[in-house]
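Note that the structure is predicted; figures quoted are calculated from it, not measured.
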Amino acid sequence: MGSSEEALMRLGRRIAAEEDELLRRRTSDPEARARLFTADAARRARPPRQTRKRFVGAALGVAAAACLLLFFVVVQGPLTFQVGAGDGAYAGRAGAFIATPRGRMVPVVFSDGTSLRIKPDSSVRIASVHRAGGRVVLENGSLEASVVHHEGTRWLVDSGPFEILVTGTRFHVAWDLAAERLTLHLVEGSVSVSGPILGEGIAVRAGDTLEVSRKEGRFVIHRDDPETRETPDVPQNAAEPPPLPEDPPEKAPDLPPPAPNVPRAAPPRKPPLPPAPPGPSWRDLAASGRYKDALEAAEREGLGAIYEAGSAADLRDLGDAARLTGDVARAVEAFSALRRRFPADEQAAEAAFLLGIISFDKQAGHAEAARWFSTYLRERPRGRLAREAAGRLLEARLRSGDKALAREAARAYLRDFPGGPHAEVARAAAGDE
């Protein structure tokens, strides 16, 4: 297990080195920066009499530079972010997984002003955050990103095997896991995209749309240049087309003679409709992202009745509302009802995945989480969350301390997803290095 932990530590050291380099670049005093890295060489080159005086000056320079670095470390800590909107919003943390249901968009807002809009039926993981940006993994689906540019900004968006390097821009990106197709439309700014077929990276500029098909082994960039865009040639003095002729009026049908004056029975009275509940329904509240209000409205309506009579989509929405407001008990109840009543539904399999997320993130039940992730992979081995489930299964096995099962999960991950975000940890855990 030590090798997998070393892999995680190597990753952390690499990120820390990048951040340290960023701090050195951001030091505003060039003389202090020079003294920080050349003080010792300067001391050796000076005459002995001046050594003490020069050394004191260099030491003060080093101290000033260190204080400046410490200022950046303390004041500008890692970014924070919020998931959702309104009363249903909650503070996210690195490693957070967000699976949006059908028909529901989820916003993510970071403390530097950067924002994501995760489109419906998508799965995204905020893999890491640091002072200058972070890494976002788009497992499947699509998102819109608006990255605010600051000095040293560095965001990475992983879409399947492709990596998008962002410094400040707005773009839409979609990754179809089944078709292995990447689509990137850049609204403003510029990005660099690297990965299979693309090599070390190609530049995409504002207005461009990049389409990459890994299965077909090709890519194309559609340029959107306003100066060369073709417009239809319409004469300025073109006459309006004549109006279409109106249909001739239909002849009125002959009316039957009036019926004799025979008394008729009164029609039966319809039963009165039940009064509508005050305010929007819990479904409407959930659809608008007001998860806390939605859960309270569902409780007033009767959770037991919803568990037994609601549709699969109702139970998924109710479970998501409870999960996103931190009500673990209600989320487990809704997802369990979904799996019990609709065992063959796609959303029942995803409920198993989400139960694993709850066990892992909220309850620290790593063995239980592994059971749910395994359940998802058994029911949907090629499902849209399969790669994420395999990675989380590996994490759960490692945390639970079962070396044999962790090795098995690692080798399965490398077999099915050799280029996935958990590949380095999987290689260390597999013991094949």
Distance check, rounded to the nearest 0.5 Å: [X] atom [atom1] versus [Y] atom [atom2]?
X    : Y    : atom1 : atom2 : result
N140 : W175 : CG    : CH2   : 9.0 Å
I197 : S213 : CD1   : OG    : 6.5 Å
S111 : R131 : OG    : CZ    : 12.5 Å
L138 : I98  : CG    : CD1   : 11.5 Å

Check your understanding: Taking it one step at a time, do E368 and R371 satisfy salt bridge (charged side-chain N to carboxylate O under 4.0 Å, His left out)?
Key -> CA-CA 5 Å; E368 181 71 3; R371 184 176 72 84; 2.7 Å; yes
Check your understanding: Under 3.5 Å, is there a donor-acceptor pair linking the side chains of E395 and H422?
Key ->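 Distance-only check passes for E395 and H422.
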Heavy atoms, side chains only, cut-off 4.5 Å: are [X] and [Y] in contact?
X    : Y    : answer
F162 : S194 : no
L186 : R170 : no
L210 : I202 : yes
L295 : L318 : yes
E180 : D176 : no
L143 : R117 : no
V136 : L116 : yes
R323 : V328 : no

Taking 4.0 angstrom as the limit, do [X] and [Y] come out as a salt bridge?
X    : Y    : value
R283 : D317 : no
E211 : R181 : no
E296 : R290 : no
E139 : R384 : no

Does [Y] offer a backbone N or O that forms a donor-acceptor pair with the side chain of [X] under 3.5 Å?
X    : Y    : result
S122 : S142 : yes
R411 : A430 : yes
Y376 : L385 : yes
S146 : T114 : no
S190 : V204 : no
S311 : D314 : yes
H185 : F171 : no

Exercise for review: With sequence neighbours excluded, tell me which residues meet ring pair (Phe, Tyr, Trp, His ring centres under 6.0 Å) with F110.
Suggested key: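 F81, W155.
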Exercise for review: Could you walk me through whether E299 and R330 pass salt bridge (charged side-chain N to carboxylate O under 4.0 Å, His left out), step by step?
Suggested key: CA-CA 10 Å; E299 289 176 342; R330 295 289 183 268; 3.5 Å; yes
Review point. Should the ring pair F373 and F353 be called parallel, tilted or perpendicular, given that the plane angle runs from 0 to 90° and is split at 30 and 60?
Key: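 Because their plane-to-plane angle lies in the 30° to 60° range, the rings of F373 and F353 count as tilted.
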Review point. Which pair of heavy atoms, one from T375 and one from A352, lies closest together, and at what distance?
Key: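 So the minimum-distance heavy-atom pair works out to CG2-CB, 4.1 Å.
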Check your understanding: Cation over ring, R392 on F360, under 6.0 Å and within 45°?
Key ->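 R392 over F360 ring: yes.
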Practice item. Please name the residue in the list V191, L182, V166 that meets the side chain to side chain contact (heavy atoms under 4.5 Å, CB included) test with V173. Key: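 Looking at V191, L182, V166, the match for V173 under the side chain to side chain contact (heavy atoms under 4.5 Å, CB included) is L182.
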Just list the side-chain donor-acceptor pairs under 3.5 Å for residues 332-346, sequence neighbours left out, or say none.
{"unit_1": "E333", "atom_1": "OE1", "unit_2": "Y307", "atom_2": "OH", "d": "2.7"}
{"unit_1": "S336", "atom_1": "OG", "unit_2": "V332", "atom_2": "O", "d": "2.7"}
{"unit_1": "R339", "atom_1": "NH1", "unit_2": "A348", "atom_2": "O", "d": "2.8"}
{"unit_1": "R339", "atom_1": "NH1", "unit_2": "E379", "atom_2": "OE1", "d": "3.2"}
{"unit_1": "R339", "atom_1": "NH2", "unit_2": "E379", "atom_2": "OE2", "d": "2.8"}
{"unit_1": "R340", "atom_1": "NH2", "unit_2": "E308", "atom_2": "OE2", "d": "2.8"}
{"unit_1": "R341", "atom_1": "NE", "unit_2": "E308", "atom_2": "O", "d": "3.4"}
{"unit_1": "R341", "atom_1": "NH1", "unit_2": "Y307", "atom_2": "O", "d": "3.1"}
{"unit_1": "R341", "atom_1": "NH1", "unit_2": "G310", "atom_2": "O", "d": "2.7"}
{"unit_1": "R341", "atom_1": "NH2", "unit_2": "E308", "atom_2": "O", "d": "3.4"}
{"unit_1": "R341", "atom_1": "NH2", "unit_2": "G310", "atom_2": "O", "d": "3.2"}
{"unit_1": "D345", "atom_1": "OD1", "unit_2": "Q347", "atom_2": "N", "d": "2.7"}
{"unit_1": "E346", "atom_1": "OE1", "unit_2": "R380", "atom_2": "NE", "d": "2.6"}

**Study point:** Y291 and Y90: CA distance, side-chain angles, deciding distance, ring pair (Phe, Tyr, Trp, His ring centres under 6.0 Å) verdict
**Key:** CA-CA 10 Å; Y291 303 123; Y90 64 94; 8.4 Å; no
